[in-house]
Amino acid sequence: MKRYSAFSLVTEGLRGHRGWRPAWRKADPQPGYDAVIVGGGGHGLATAYYLARNHGIRRVAVLEKGWIGGGNTGRNTTAVRSNYFYPESVALYDLALRLYEGLSRELNYNVMLSQRGMLIAAHTPAQMEICTRIANAMQLNGVDGELIGAEKALKLAPLLNRTADARYNCMGGVWQPRGGVARHDAVAWGYARAASDMGVDIIENCTVTGLLIEGGKIAGVDTDRGAIRTDRVGLAAAGATPGLAAMAGIRLPIHTYALQAFVSEPVKPILDTVLLYLGTGTYVSQSDKGELVFGGGLDRVPTHGQNGNLPAQETVISGLLEMFPAFAQLRLLRQWAGVVDVVPDSSPVIGPAGPEGLFLNCGWGTGGFKAIPAGGWLLAHLLATGSHHEISRPFDLDRFARGRLIDEAAGSGIAH
């Protein structure tokens, strides 16, 4: 793999950029592999990379029914953070954030991590109490978090509505300096490039049509491009995972919903942090190109569609304008939806399921992008060793039978 650097950029510029090679190999499926990962999004690609890097397992195939990063990895608002409530969640998401902090250097690919900080803003005493609980939990769990008042919050987001008749006057909130954003497609491409260089086969336009099970153990997968033999399969296909698991007789407690995102026309720099407003449920940041990237709550109708609906759009946009009346003059540039896989306690499912050799990485809901490095790291550990990493153990599917739920929606007071 050619190393990206300022020197290589200048050299190729002088050559007319004729020496660049494809970032990853376009592979065809082989008869068998040491491990097969279903899902070519961020989690699947990260799993393949960490299998090769951490465990030396390189005969790995990543199967993607469409194109790399074409699902939820490319359909989100790019926020990364670890400001969660429960210790188990903080350990999980802060592992991801720590990995993000060194990811560009490790992959030799700029994932455009911008740690501009994230503010969860409150507008009532009850919400300030929630923010106090979150900040205390973060500090107890060793993660950077600070409870701030209205004065500092308004310095971080000076355009927030502070008029006398404002419906949601900011009273303060929780500030995490290490939070921020990363470029979603760059994360997928960086992992794909690094995994491919280690020998991983990335196979696009390959749909899994069945799971091969022999003697109660995984023996491979059937695809529309032929059968592939393996004794280890990882399912990292987000909202498609319940259908895949059903092929092995496993019923997962997952419902899928559309989560919409929006982008405005570009403007000059006006917001240099990531902001989530508890009063409206709307969150917003400004991209490097000047666009406002924002979203809100789920479309509460189960679906696999990637369009969203107009009532939810109205709720999100009106929430944004309650926060920032000055944004009313902006034009909406584009809108899309990702399909989020939600479990009852709003925490992911990571662990073995059903026949021996089958492992899950799903149920991330609205937290999938920010968790990509950790999700890949932990699923790779499961595939390589057959047992849990200490961070993934609390998120095993058996927590629903044991009653050991990790209810972040209730703990944090928000669903994102």
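Numbers for residues simply follow the sequence, beginning at 1. Because the structure is a prediction, the values reported are computed rather than measured.
- For residues 54-67, every residue pair satisfying the side-chain hydrogen bond (donor to acceptor under 3.5 Å, both in side chains) rule, not counting sequence neighbours, is listed here: D34-R59.
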> Do Q260 and D299 pass the side chain to side chain donor-acceptor pair (under 3.5 Å) test, and can you show the C-alpha distance, the side-chain angles, and the key distance before you say yes or no?
Replying inline: CA-CA 8 Å; Q260 297 189 65; D299 290 19; 3.0 Å; yes
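- Here the closest non-hydrogen pair linking F400 and P344 is CE2-CD, 4.0 Å.
- Note that the CG atom of L332 and the CZ atom of F327 stand 13.5 Å from one another [nearest 0.5 Å].
- In this structure the side chain of L292 reaches within 4.5 angstrom of the side chain of L330, judged on heavy atoms.
- Looking at H123, its side chain never comes within 3.5 Å of a backbone N or O of L278 through a donor-acceptor pair.
- Taking all atoms of both residues into account, the shortest heavy-atom contact from L383 to T47 is CD1-CG2, 3.7 Å.
- Although no hydrogens or angles enter the test, the distance criterion places no donor-acceptor pair under 3.5 Å between the side chain of T78 and the main chain of H184.
- With hydrogens and angles disregarded, no donor-acceptor distance shorter than 3.5 Å links the side chain of E408 to the backbone of S89.
- Between F369 and Y100, the ring planes lie tilted relative to each other; the angle falls in the 30° to 60° range.
- From N161, atom CG reaches atom CG of L321 across 10.5 Å, with rounding to the nearest 0.5 Å.
- Screening residues 286-311 for ring-ring contact (aromatic ring centres under 6.0 Å, His included) gives F262-F294 as the qualifying pairs, with residues at least two apart or on separate chains.
- Two residues are said to be in side-chain contact when any heavy atoms from C-beta on lie closer than 4.5 Å; M138 and E146 fail this criterion.
- D345 places a side-chain N or O within donor-acceptor distance of the main-chain N or O of I406, the cut-off being under 3.5 Å.
- Of all heavy-atom pairs spanning G305 and T303, the tightest one is N-OG1, 2.8 Å.
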Please report, to 0.1 Å, the donor-acceptor pairs under 3.5 Å made by any side chain of residues 241-253, with sequence neighbours excluded.
from	atom 1	to	atom 2	distance (Å)
T241	OG1	A237	N	3.3
T241	OG1	A238	N	3.2
T241	OG1	A238	O	2.9

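- A salt bridge does not link R399 to D407: none of the charged side-chain nitrogens sits closer than 4.0 Å to a carboxylate oxygen.
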>> The test is salt bridge (charged side-chain N to carboxylate O under 4.0 Å, His left out); show your working for R53 and E106 and say whether it passes.
In response: CA-CA 11 Å; R53 174 192 178 274; E106 178 175 341; 2.7 Å; yes
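- L276 CG to R81 CZ: the interatomic distance, rounded to the nearest 0.5 Å, is 7.0 Å.
- Between R232 and E356 there is no salt bridge, since none of the side-chain N atoms of the basic residue sits less than 4.0 Å from a carboxylate O of the acidic one.
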> After noting the C-alpha distance and the side-chain angles of R116 and D288, does the key distance pass the salt bridge (charged side-chain N to carboxylate O under 4.0 Å, His left out) rule?
Replying inline: CA-CA 12 Å; R116 59 189 66 180; D288 294 336; 3.6 Å; yes
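- A heavy-atom distance below 4.5 Å is found between the side chains of N83 and I120.
- Between P348 and L92, the closest side-chain pair of non-hydrogen atoms falls below 4.5 Å.
- Annotation for N361 and G375: closest pair ND2-O, 3.3 Å, computed over non-hydrogen atoms.
- Counted within 6.0 Å of CD on E265, heavy atoms from surrounding residues, nucleotides or ligands total more than 12; the atom is thus considered enclosed.
- For the residue pair N110 and A186, the shortest heavy atom distance occurs at O-CB, 3.6 Å.
- Looking at N76, its side chain does come within 3.5 Å of a backbone N or O of T73 through a donor-acceptor pair.
- Judged purely by atom type and a 3.5 angstrom limit, N141 has no side-chain atom pairing as donor or acceptor with the backbone of V143.
- In this structure, the side chain of S82 does not engage the main chain of Y93 through any donor-acceptor pair within 3.5 Å.
- Among the candidates I350, L235, D341, the single residue satisfying the side-chain contact (heavy atoms from CB on, under 4.5 Å) test with C362 is D341.
- Contact detail for L45 and A188: the closest heavy-atom pair is CD1-O, 3.5 Å.
- Within the 4.5 Å cutoff, the side chain of R193 has heavy atoms near those of the N108 side chain.
- For R25, the salt bridge (charged side-chain N to carboxylate O under 4.0 Å, His left out) partners at least two apart in sequence or on another chain are D201.
- Residues satisfying the ring pair (Phe, Tyr, Trp, His ring centres under 6.0 Å) criterion with Y49, sequence neighbours excluded, are Y191.
- Considering only heavy atoms from C-beta on, L113 stays 4.5 Å or farther from L103 through its side chain.
- Between T366 atom OG1 and L259 atom CG the span is 6.5 Å, to the nearest 0.5 Å.
- At least one side-chain heavy atom of Q115 sits under 4.5 Å from a side-chain heavy atom of L97.
- Of the charged side-chain nitrogens involved, none lies within less than 4.0 Å of a carboxylate oxygen, so that R18 and E12 do not count as a salt-bridged pair.
- At least one donor-acceptor pair closer than 3.5 Å links the side chain of Q139 to the backbone N or O of G145.
- T273 places no side-chain N or O within 3.5 Å of a backbone atom of L275 that could act as its donor or acceptor partner.
- Within a 6.0 Å radius of NE2 in H255, other residues, nucleotides and ligands contribute 12 heavy atoms or fewer.
- Applying the side-chain hydrogen bond (donor to acceptor under 3.5 Å, both in side chains) rule to pairs touching residues 207-222 yields E214-R229, sequence neighbours excluded.
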>> Applying side chain to side chain contact (heavy atoms under 4.5 Å, CB included) to V339 and Q306, what does each step give before you reach the verdict?
In response: CA-CA 6 Å; V339 178; Q306 295 179 320; 3.9 Å; yes
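- Counting only distance, with no hydrogens or angles, the side chain of Y277 and the backbone of C170 share a donor-acceptor pair below 3.5 Å.
- Comment: R178 engages D94 in a salt bridge, judged by a side-chain N to carboxylate O separation of less than 4.0 angstrom.
- With contacts defined as side-chain heavy-atom distances shorter than 4.5 Å, the pair L63/I37 does not qualify.
- Environment of CZ in R402: crowded, with over 12 heavy atoms of neighbouring residues, nucleotides or ligands closer than 6.0 Å.
- By the 4.0 Å N-to-carboxylate-O rule, D28 lies close enough to R225 to be salt-bridged with it.
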